[in-house]
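Notes follow the structure.
Chain letters run A, B, ... following the sequence lines, proteins first and then strands; every chain starts at 1.
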Amino acid sequence: MHEVIVCEKPTSAEKIAKALSPSAKKKVYNKKVKYWELKKGSKDITVVSAVGHLYSLTPDNPKDKVYFDLHWAPAYEVNKRGSGFTKDYVRAIKKLGRNADSYIHACDYDTEGTLIGYNALKYACGQENLDKVSRMKFSTLTKKDLLEAYDNRIELDMNQVDTGIARHVLDYYFGVNISKALMKSVSNAKHRFLKLSAGRVQTPTLSILVEREKEIKDFVPEPYWLIKAVVEGNIEVNHIDGKIFDRDRAEEIMTKCQGKDAIVDRISFSNSTTKPPVPFNLGGLQSEAYNVFGFSPKKTQTIAQNLYTSGYTSYPRTSSQKLPESLDFKSIFTQLGYDGEFKKHIDQLPSKLKPNNGKKDDAAHPAIHPTGILPQGLSKDDKKIYELIVYRFISVFFEAAKFETMSATLDIEGEKFRFKRRRVTHKGWMEHYPFRKIDDEIFPDIKEDDLMKVLELISDEKETKPPARYNQASLIKELEKRELGTKATRADIIDKLYDRKYITGTQQIEVNQLGENMIDTLSIYCNNLTSEELTRDLQIKLDGISNNKSTRREIIDEGEKDVKVILEDITKNSNEIGSKLYESYQESNIIGTCPTCGGNLVKRYSPKTKSSFVGCANYPDCTTSYSIPKGTNFLKKTCEKCGLPIISFGKPRQRACLDSNCGKDKTKIHKPTEVGKCPNCGKPLLKRSGRYGEFIGCKGFPKCKFTCSVDELESKLK
DNA sequence: GCAAGGTC
């Protein structure tokens with residue numbers, strides 16, 4: 001009897017194989033794809049694995065104007081870029097998973113996992129009617145759970161399969177068709193191509209950012225005053241009222257207290273503790289890496305994936321903030337202890353290892369943790385993430401940090417002022433997590449009724465501030481809170497918004513005019529796409545399929561009808577929509593004013609030279625243009641000499657005027673002068689002028705690449 | 001050319 005077990009990813013295949021038989025043999029297909037062979041009773045079992053979705057939706061007829069007729073095709077054929085690695089896995093499953101006597105679907109027990117296994121069984125193993133298929137249902141990859149799941153297999157839940165299919169189809173219907181319609185409106189109205197996209201997750205995400213921009217724009221700042229005094233010992237004390245919005249009151253306090261001394265009114269002490277942090281889930285790691293190292297969530301995710309595939313850390317795409325006891329902490333610490341730096345901390349661990357687990361859980365994976373295998377030769381950035389994971393893992397086992405707080409109230413002519421100092425009395429976990437600053441202030445030596453000289457009395461006029469813009473880490477947190485996207489896709493969604501030029505800015509995300517116009521446009525024609533309504537709707541509909549209240553066909557037909565209404569609306573107003581989108585796109589690209597005609601200077605892309613340049617928007621009437629180095633940023637500052645924007649470019653970043661000839665005598669630099677013969681090819685050598693000043697280059701460029709600095713010329717010619 | 005969701 002031959003049995004084939006299909007898993008979601010190689011690591012779960014390994015765990016399942018080893019759980020079923022400790023003597024399972026690891027094999028490799030075509031030098032790339034791992035699989036396992038084992039014997040159990042009379043059965044010869046082959047454990048193969050997918051790598052996530054192996055099949056993607058694609059239109060039956062790509063030439064159709066709208067896509068409602070779709071079928072599944074291998075992912076590597078549909079998305080040529082990015083899914084190439086799935087090809088070997090599909091081949092391996094096709095080769096190893098044919099003509100078995102029985103099949104087991106052992107992918108993650110969730111909607112996507114169910115579909116991943118279903119498609120693999122249907123299209124790669126040829127199990128169309130599923131009569132030989134059973135399903136393993138497990139919530140962790142521990143041996144106990146897996147054996148139980150194997151012994152108590154259930155029937156494949158076709159409602160769950162249909163739920164997955166409907167999710168894919170509806171996202172395709174809305175996303176691809178509406179994106180296409182928007183791009184078409186631009187090409188109809190302006191005869192230009194603009195890469196645009198909309199979708200169930202990316203559009204509400206953009207909308208959150210636009211909403212914040214509006215709050216900032218509408219914000220009316222209110223003046224307030226902060227009154228503080230500096231007393232003996234350079235201690236800053238703040239007036240007890242905090243923000244004072246009444247100017248008269250602020251002035252009253254100032255006049256009253258001017259030139260008067262302070263008396264210590266009351267001193268009190270209190271104790272507090274700070275618990276250790278919780279173990280990392282993906283969002284937590286992304287957020288911490290952003291705050292500590294400034295890494296983008298995408299970068300952190302890529303590094304975490306590398307560390308995982310290299311065997312140094314656990315599976316990164318988890319929501320769990322819990323470390324289950326089944327993990328064998330002791331042996332992980334023993335191995336980590338071979339590193340001298342880690343050992344210093346591990347040696348101080350309490351004898352009873354109990355992690356400070358967080359609330360969030362994940363059915364399939366524990367929180368991110370080191371495996372114990374010590375890495376070698378990691379790049380600088382990989383090492384940073386690895387150490388962050390290790391120290392977080394260590395610190396969650398330590399006791400809380402303890403603090404003592406001193407609060408003092410001072411009296412100046414009946415007005416109360418106060419200050420607080422906090423000092424650490426027991427560092428606890430903080431001593432073992434080097435990424436947090438520890439508050440440790442000195443308590444001044446004062447007692448109640450002391451008279452203190454006021455050295456300075458200050459009234460600071462301030463303004464209330466609008467809410468802060470999101471950064472990538474705070475946006476990911478917001479998406480988690482609103483349950484938009486998944487842990488695996490949130491960083492990609494944000495990247496996509498940058499890629500489409502909807503948003504810009506790294507420290508703070510700002511929305512471009514194009515992004516704002518997308519939301520304005522879509523909120524008119526399909527409000528449920530800009531809000532989170534579509535995701536909520538989808539969830540309700542999918543739940544309907546799961547519990548037999550509706551069928552996949554009904555839900556998909558409904559979606560088709562909804563999308564068709566939206567598409568009709570967009571087509572009707574195509575001209576207006578297209579014009580506005582393109583114009584807003586151009587506005588986003590305005591970087592200054594043309595010195596020749598006063599028009600707008602815009603950043604453009606030349607497909608011929610595959611490079612960006614700056615040109616006048618009035619082209620061809622005005623032909624003013626400037627070349628720019630790769631990776632140029634336009635700063636808000638302008639050149640003092642000519643008023644053009646200052647650009648930053650290169651590594652390390654340097655700044656210069658957009659006009660590389662700014663401030664130079666133009667008659668000289670445009671005529672390269674001959675200064676000798678090229679030592680490489682014999683052609684004339686020319687003194688040229690570039691962005692970085694004068695240099696010597698061969699006339700035979702680009703065939704001959706000889707260059708040197710003006711100073712080097714003499715020695716090179718010898 | 002276009003989505004969102006898995007994964008290396």
Item to complete: Between A:D108 and A:L196, just flag the one whose closest nucleotide in DNA chain B comes earlier from the 5' side.
Response: A:L196
Item to complete: Specify the separation, in whole Å, of atom CD of A:Q301 and atom C1' of B:dC8.
Response: 13 Å
Item to complete: For A:E568, enumerate each residue passing the salt bridge (Lys or Arg N to Asp or Glu O under 4.0 Å) test, keeping only those at least two apart in sequence or located in another chain.
Response: none
Worksheet item: Are a donor atom and an acceptor atom from the side chains of A:D145 and A:T140 found within less than 3.5 Å of each other?
Response: yes
Only pairs under 3.5 Å count here: list side-chain donor-acceptor contacts from residues 166-173 of chain A, not counting sequence neighbours, and write none if there are none.
{"from": "A:R167", "atom 1": "NE", "to": "A:E112", "atom 2": "OE2", "distance (Å)": "2.9"}
{"from": "A:R167", "atom 1": "NH1", "to": "A:D171", "atom 2": "OD2", "distance (Å)": "2.8"}
{"from": "A:R167", "atom 1": "NH2", "to": "A:E112", "atom 2": "OE1", "distance (Å)": "3.3"}
{"from": "A:R167", "atom 1": "NH2", "to": "A:E112", "atom 2": "OE2", "distance (Å)": "3.0"}
{"from": "A:H168", "atom 1": "NE2", "to": "A:H53", "atom 2": "NE2", "distance (Å)": "3.4"}
{"from": "A:H168", "atom 1": "NE2", "to": "A:E112", "atom 2": "OE1", "distance (Å)": "3.0"}
{"from": "A:D171", "atom 1": "OD1", "to": "A:R200", "atom 2": "NE", "distance (Å)": "2.6"}
{"from": "A:D171", "atom 1": "OD2", "to": "A:R200", "atom 2": "NE", "distance (Å)": "3.3"}
{"from": "A:D171", "atom 1": "OD2", "to": "A:R200", "atom 2": "NH2", "distance (Å)": "2.8"}
{"from": "A:Y173", "atom 1": "OH", "to": "A:F68", "atom 2": "O", "distance (Å)": "2.8"}

Discussion item. Categorize A:Y315 for me: base, sugar-phosphate, or nothing, with a 4.0 angstrom heavy-atom threshold over every strand shown.
Written reply: sugar-phosphate
Practice prompt. Provide the full list of salt bridge (charged side-chain N to carboxylate O under 4.0 Å, His left out) pairs with a residue in residues 482-496 of chain A, sequence neighbours left out, each pair given once.
Written response: A:K298-A:D492, A:D362-A:K487, A:E478-A:R482, A:R482-A:E532
Item to complete: Name every residue in residues 494-504 of chain A that has at least one heavy atom under 4.0 Å from any atom of DNA chain B, in order of residue number, or write none if there are no such residues.
Response: A:K496, A:R500
Worksheet entry | Residues forming a side chain to side chain contact (heavy atoms under 4.5 Å, CB included) with A:A17, sequence neighbours excluded | A:A24, A:W36, A:L38, A:V47
Item to complete: Please determine, by modelled atom types, if A:T486 and A:R317 share a side-chain donor-acceptor pair under 3.5 angstrom.
Response: no
Item to complete: Look at the side chain of A:H53 and decide which nucleotide, out of B:dC8, B:dG5, B:dA3, has an atom nearest to it.
Response: B:dG5
Worksheet, complete the sentence: In numerical order, the residues of residues 369-380 of chain A whose heavy atoms come under 4.0 Å of DNA chain B are none
Item to complete: Verify, without hydrogens or angle tests, whether A:T114 (side chain) and A:D110 (backbone) share a donor-acceptor contact under 3.5 angstrom.
Response: yes
Practice prompt. Residues of residues 66-93 of chain A with any non-hydrogen atom less than 4.0 angstrom from an atom of DNA chain B: list those, numerically ordered, please.
Written response: A:F85
Fill in: Contacts of A:D537 that satisfy side chain to side chain contact (heavy atoms under 4.5 Å, CB included) - sequence neighbours left out
none
Worksheet item: Got a sec, which residues hit side chain to side chain contact (heavy atoms under 4.5 Å, CB included) with A:A289, two or more places apart in sequence or on another chain?
Response: A:F293, A:F295, A:T300, A:I385, A:L388
Worksheet entry | Charged N-O contact under 4.0 Å between A:K299 and A:D381 | yes
Practice prompt. Return the set of residues passing salt bridge (Lys or Arg N to Asp or Glu O under 4.0 Å) with A:D88 (not counting sequence neighbours), or none when no residue passes.
Written response: A:K32
Fill in: Test salt bridge (Lys or Arg N to Asp or Glu O under 4.0 Å) applied to A:K9 - qualifying residues, sequence neighbours left out
A:D108
Worksheet item: Between A:T489 and A:M183, which has a closest nucleotide on DNA chain B that is more 5'?
Response: A:M183
Practice prompt. Taking only heavy atoms on the protein side, list every residue of residues 549-570 of chain A lying under 4.0 Å from any atom of DNA chain B, sorted numerically.
Written response: none
